[in-house]
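The first residue in the sequence is number 1, and the count goes up from there. Whatever order the structure lists them in is the order used to number ligands and atoms, beginning at 1.
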Amino acid sequence: MSWVKENCVSFFQLLCIKVVNTGRIPQHIAFIMDGNRRYAKKHSVNSSEGHYKGFDKLSETLKWCLDIGVPEVTVYAFSIENFKRKEEEVSALMNLARDKFKRLLDEMDQLNEWGMRVHVAGRLSLLPDDLRSLVSEAMLATKDNNKLRLNIAYAYTGRDEISRAASHIVDGVRNNELAPEDIDEELVSQTLELSEPDLLVRTSGEVRLSDFMLWQVSNSVVYFTDVLWPDFTIWNLLAAIIHFQRHAALPKAGENTTSDRKQQFLRQLESRRLQELQKYVNC
Ligand code: FPP
Ligand code: MG
């Protein structure tokens with residue numbers, strides 16, 4: 001299946017989207033897509049089939065998010081802990097990713113039409129070389145799209161992301177790009193790969209954060225639902241958004257205190273990240 005599924009939205013669903021749109025829409029939703037293997041077991045198919053169904057659900061969800069007007073979505077697709085699963089399952093998940101990223105590169109025209117940018121956040125050095133090269137190519141190819149940003153947390157944990165940000169900041173101080181007094185919460189937030197979601201959704205009845213976006217979710221509304229990820233529907237998504245509308249704090253007025261030096265450091269960091277991706281594509 002393609003990355004964004006052309007869903008046929010019924011008149012009633014459209015009406016409900018319009019009603020929900022009269023309230024505040026989360027500008028960034030993060031999903032812990034959990035329950036693929038339980039879904040597979042329920043349907044007597046192998047776990048790999050469950051993960052493929054999970055990808056299909058992601059592509060449906062992306063279209064719903066576009067229809068609703070959510071500009072940023074982050075999904076937890078593979079945790080560093082998931083490398084400890086059976087070799088057979090890890091290799092099936094890597095093959096699924098290979099398959100889908102190849103497809104993404106074949107579907108660039110459609111992706112550009114949707115305005116979708118794909119960012120893979122995680123420790124890319126842990127990925128097999130060919131997959132690392134594919135995801136880097138996908139990131140570079142979509143980097144100028146700005147209608148929907150899809151962040152895929154892959155070979156990711158929140159604590160690892162914070163450690164990587166800390167090490168970038170240490171390098172910044174060592175290279176005199178930053179002064180020690182520049183280090184504050186704002187700088188750490190801006191150095192992380194992922195931004196703060198307004199709403200975090202976890203499916204399958206589990207109520208843990210499982211080391212996902214630990215720094216970023218400190219002020220997010222969290223929504224847990226029993227539905228298994230491949231069974232997730234537009235009604236579950238609208239229910240999560242209504243939950244957000246009932247529980248979100250008022251948005252804070254954004255004051256920009258980032259000094260020129262910090263901005264320069266962040267620009268250099270971004271440019272180093274892009275160079276690294278280019279290096280991965282070339283090798
Ligand atoms: C959690 O369910 C799901 C995963 C570990 C993998 C999620 C991956 C996808 C939905 C595919 C995304 C792929 C790309 C390339 C974006 P689980 O395996 O923990 O199931 P369980 O909780 O029932 O055991
Ligand atoms: Mg699970």
Side-chain angles (χ1 to χ4, degrees), residues 1-5 29-65 72-107 111 114 116-122 124 126-128 130-139 141-142 148-158 194 200-213 224-232 236-237:
M1 186 179 287
S2 314
W3 278 74
V4 181
K5 187 181 174 205
I29 307 185
F31 293 94
I32 303 182
M33 311 182 285
D34 198 14
N36 292 352
R37 291 184 301 186
R38 274 166 282 171
Y39 174 92
K41 202 165 171 201
K42 200 171 89 180
H43 293 270
S44 311
V45 293
N46 61 31
S47 62
S48 160
E49 182 81 5
H51 293 311
Y52 269 84
K53 289 279 182 233
F55 179 87
D56 294 350
K57 189 53 65 179
L58 168 61
S59 72
E60 272 188 86
T61 305
L62 289 174
K63 181 63 171 60
W64 297 328
C65 287
E72 185 165 3
V73 170
T74 300
V75 293
Y76 206 2
F78 192 86
S79 123
I80 291 177
E81 288 299 305
N82 289 152
F83 280 111
K84 295 182 188 151
R85 289 189 179 188
K86 283 192 195 131
E87 206 185 317
E88 192 186 318
E89 189 186 349
V90 173
S91 120
L93 278 162
M94 296 290 146
N95 284 337
L96 184 155
R98 279 185 186 97
D99 186 18
K100 297 303 177 185
F101 280 100
K102 276 183 196 149
R103 176 135 200 184
L104 182 148
L105 293 167
D106 289 341
E107 285 178 350
L111 247 75
W114 293 118
M116 192 165 109
R117 176 175 186 178
V118 175
H119 178 81
V120 179
L124 298 188
L126 296 178
L127 298 182
D130 64 324
L131 180 56
R132 185 169 56 235
S133 162
L134 275 173
V135 303
S136 304
E137 202 177 338
M139 279 196 265
T142 59
L148 175 66
R149 180 182 170 118
L150 169 64
N151 304 303
I152 301 171
Y154 208 93
Y156 173 95
T157 60
L194 298 172
L200 168 69
V201 177
R202 180 168 190 161
T203 57
S204 90
E206 304 297 340
V207 291
R208 289 168 281 117
L209 291 180
S210 300
D211 211 341
F212 185 49
M213 301 181 91
F224 296 111
T225 168
D226 286 342
V227 68
L228 303 176
W229 174 251
D231 287 327
F232 193 73
N236 298 122
L237 178 60

Margin query: Among all the protein's non-hydrogen atoms, which is closest to atom 14 (C) of ligand 1, and how far away is it?
Written below: F55 CD1, 3.9 Å

Next item on the list: Determine whether the side chains of S2 and E107 contain a donor N or O and an acceptor N or O closer than 3.5 Å.
Entry: yes

Margin query: Regarding ligand 1, does W229 bring an N or O atom to under 3.5 Å of one of the ligand's N or O atoms?
Written below: no

Next item on the list: Would you kindly specify which portion of V75 sits under 4.0 Å from ligand 1, judged on non-hydrogen atoms: side chain, backbone, both or neither?
Entry: neither

Note to self: On a heavy-atom basis, I'd like to know which of L96, L104, N82, I152 is closest to atom 11 (C) of ligand 1.
What the structure shows: L96

Next item on the list: Considering just N/O/S atoms, say which atom of D34 is closest to the Mg ion (ligand 2).
Entry: OD1

Margin query: How far is atom 1 (C) of ligand 1 from the closest protein heavy atom, and which atom is that?
Written below: M33 O, 3.2 Å

Item checked: Residues K84 and E81 bridged, charged N to O under 4.0 Å -> yes

Checklist line | Contact check, S204 vs ligand 1, heavy-atom distance below 4.0 Å | finding: no

Notebook entry, point to check: Are any non-hydrogen side-chain atoms of M139 and F101 less than 4.5 angstrom apart?
Noted result: no

Checklist line | Validation row: W114, L62 side chains within 4.5 angstrom (heavy atoms) | finding: no

Next item on the list: May I ask you to list the atoms of ligand 1 that are less than 4.0 angstrom from any heavy atom of G54?
Entry: 10 (C)

Checklist line | Where ligand 1 meets G35 - atom numbers and elements under 4.0 angstrom, heavy-atom basis | finding: 2 (O), 20 (O), 21 (P), 22 (O), 23 (O)

Item checked: K100 side-chain N/O to F55 backbone N/O, donor-acceptor pair under 3.5 Å -> no

Next item on the list: For atom 24 (O) of ligand 1, grab the closest protein heavy atom and report residue, atom and distance to one decimal in Å.
Entry: R37 NE, 2.8 Å

Next item on the list: For atom 4 (C) of ligand 1, grab the closest protein heavy atom and report residue, atom and distance to one decimal in Å.
Entry: H51 CE1, 3.9 Å

Note to self: One thing to verify: whether K86 and E88 come together as a salt bridge, which I'm taking to mean a side-chain N less than 4.0 angstrom from a carboxylate O.
What the structure shows: no

Check: Would you say K102 and L134 make side-chain contact, with heavy atoms under 4.5 Å?
Finding: yes

Notebook entry, point to check: Is there a side-chain contact between L111 and V118 (heavy atoms, below 4.5 Å)?
Noted result: yes

Checklist line | Verdict with reasoning, E60 to K57, per salt bridge (charged side-chain N to carboxylate O under 4.0 Å, His left out) | finding: CA-CA 5 Å; E60 272 188 86; K57 189 53 65 179; 3.1 Å; yes

Margin query: Counting only nitrogen or oxygen atoms and a 3.5 angstrom limit, does Y154 reach ligand 1?
Written below: no

Item checked: Proximity of R85 to ligand 1 by residue part, where a heavy atom lies under 4.0 Å -> side chain

Next item on the list: Evaluate the ring planes of Y154 and F78, with Trp represented by its six-membered ring, and classify them as parallel (under 30°), tilted (30 to 60°) or perpendicular (over 60°).
Entry: parallel

Check: Looking only at distance, does W3 have an N or O less than 3.5 Å from an N or O of ligand 1?
Finding: no

Check: Nearest protein heavy-atom contact for atom 6 (C) of ligand 1: which residue, which atom, what distance?
Finding: A77 O, 3.3 Å

